[in-house]
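Working notes, structure below.
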Amino acid sequence: MPARANGVVDSLEYGIDSTMDAASRLTLLDVEFLSISMEEALHLIGGVIKENSKECVSFINADCLNISSKDEEYRSILNSQSLVLPDGAGISLACRLMGKRLKANLNGTDLLPELCEVARSEGFTVFLLGAAPGVAARMQRNLTDTYPGLKIVGERHGYFDHDDDSNTVIDQINALKPNIVLVAFGAPRQEKWIHKYHQQIDSNILVGVGGLFDFYSGDKKRAPLWMRKSGVEWMYRLYLEPGRLWRRYIIGNPLFMLRMLRWKKSLQRS
Ligand code: UDP
């Protein structure tokens, strides 16, 4: 497999690159990402697989950018990737503050069904890595029931020793050579793991998907559609897990906007 092609967005040939101009690349809090439609994102991912190339995909939300403001390693990993996709109302609001409009909110939870459809019709294989023991297996069952013919070739939970046992996990993945590996360790752990090991992993697309498996396994309920559409899915998550998430949302959301205002001012000064 060729080494990871960092400039895939520029190099793919399916017409999309002509629209991948500066307007498709936005920057917030010094992290660059793509403002593209769901269809374009799927097209890019499909193109990487068909070229037998390799790309790492990350989603960023307000919490991720709060973390990346303080975590230089995470920030530079995000900036080394071609496929960083915006997730959530916070990012959309921040774009508006900068006078830009986000083409689409591309969170992993909405992208997954579309990705499954593409994987099924193109015959792309998928490996699920992450979440608590049993969760990925339940998700695998649910997805193969919903998308008959979808090839989920393997799964493994995410509570192994990431320092000492990653090579064993990678051997398991490489024996199956999946086109797509979904990695659900939460941000930034998953991005750091993917960055550290992507060259060793025999797969085309490595995606960090956060808490996605908990939803698709049926273990956690997703917010009703009207809440998702109104950009307040975070309120539902907070309602379900206040103890774990209050800091992320109650403190994190205003902090993110404050950071944005400061960042905007610093740009205007320079
Ligand atoms: N997780 C994991 N291994 C770890 C730590 C966490 O597999 O060492 C999983 C955890 O079980 C959960 C996901 O990572 O499924 C993190 O979910 P969270 O909602 O925090 O992620 P977010 O979507 O907010 O990034």
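Indexing begins at 1, ligand by ligand and atom by atom, following the structure's order. Along the sequence shown, residues are numbered consecutively beginning with 1. Just so you know, these numbers come straight off a predicted model, no measurement behind them. The figures that follow rest on heavy atoms only: side chains count, while hydrogens, waters and symmetry mates do not.
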Can you find an N/O atom of [X] closer than 3.5 Å to an N/O atom of ligand 1?
{"X": "Gln190", "value": "no"}
{"X": "Gly211", "value": "yes"}
{"X": "Gly158", "value": "yes"}

What is the closest protein heavy atom to [atom], and at what distance does it sit?
{"atom": "atom 7 (O) of ligand 1", "value": "Ala131 N, 2.8 Å"}
{"atom": "atom 24 (O) of ligand 1", "value": "Arg248 NH1, 2.4 Å"}
{"atom": "atom 13 (C) of ligand 1", "value": "Gly210 O, 3.7 Å"}
{"atom": "atom 20 (O) of ligand 1", "value": "Arg244 NH1, 2.8 Å"}
{"atom": "atom 11 (O) of ligand 1", "value": "Tyr159 OH, 2.9 Å"}

I need the single residue from [options] that forms a side-chain contact (heavy atoms from CB on, under 4.5 Å) with [X]. Which is it?
{"X": "Pro178", "options": "Val126, Leu129, Ile173", "result": "Ile173"}
{"X": "Phe185", "options": "His162, Glu191, Lys192", "result": "His162"}
{"X": "Ile180", "options": "Leu115, Thr125, Asn204", "result": "Leu115"}

For this session: Evaluate side-chain hydrogen bond (donor to acceptor under 3.5 Å, both in side chains) for Asp63 paired with Trp234, printing each intermediate quantity in order.
Result: CA-CA 11 Å; Asp63 182 48; Trp234 64 271; over 6 Å; no
For this session: Using non-hydrogen atoms of the residue, decide whether Phe213 is closer than 4.0 angstrom to ligand 1.
Result: no
Exercise. Can a non-hydrogen atom of Arg189 be found less than 4.0 Å from any atom of ligand 1?
Worked result: yes
Problem set entry | Donor-acceptor contact below 3.5 Å, side chain Ser58 vs main chain Leu78 | no
Of all the atoms in ligand 1, which lie at a distance below 4.0 Å from a heavy atom belonging to [X]?
{"X": "Ala187", "value": "25 (O)"}
{"X": "Ala184", "value": "1 (N), 2 (C), 7 (O), 9 (C), 13 (C), 14 (O)"}
{"X": "Gly130", "value": "7 (O)"}
{"X": "Asp214", "value": "12 (C), 15 (O)"}
{"X": "Ala132", "value": "11 (O)"}

Problem set entry | Basic-acidic side-chain contact under 4.0 Å: Arg75, Asp30 | no
Problem set entry | Check ion pair Lys54-Asp202 (N to O, under 4.0 angstrom) | no
Exercise. At under 4.0 Å between heavy atoms, which part of Arg156 makes contact with ligand 1: side chain, backbone, both or neither?
Worked result: neither
Exercise. Any idea which part of Arg237 is under 4.0 Å from ligand 1, heavy-atom wise: side chain, backbone, both or neither?
Worked result: side chain
Problem set entry | Cluster link Trp226 to Leu238, ILVMFWY, side chain under 4.5 Å | yes
For this session: Kindly work out whether a path of hydrophobic side-chain contacts (I/L/V/M/F/W/Y, heavy atoms less than 4.5 Å apart) joins Ile67 to Phe33.
Result: yes
Exercise. Is Lys221 atom NZ crowded by more than 12 heavy atoms from other residues, nucleotides or ligands, each under 6.0 Å away?
Worked result: no
Exercise. Taking it one step at a time, do Asp110 and Arg222 satisfy salt bridge (charged side-chain N to carboxylate O under 4.0 Å, His left out)?
Worked result: CA-CA 11 Å; Asp110 289 332; Arg222 237 194 131 189; 3.1 Å; yes
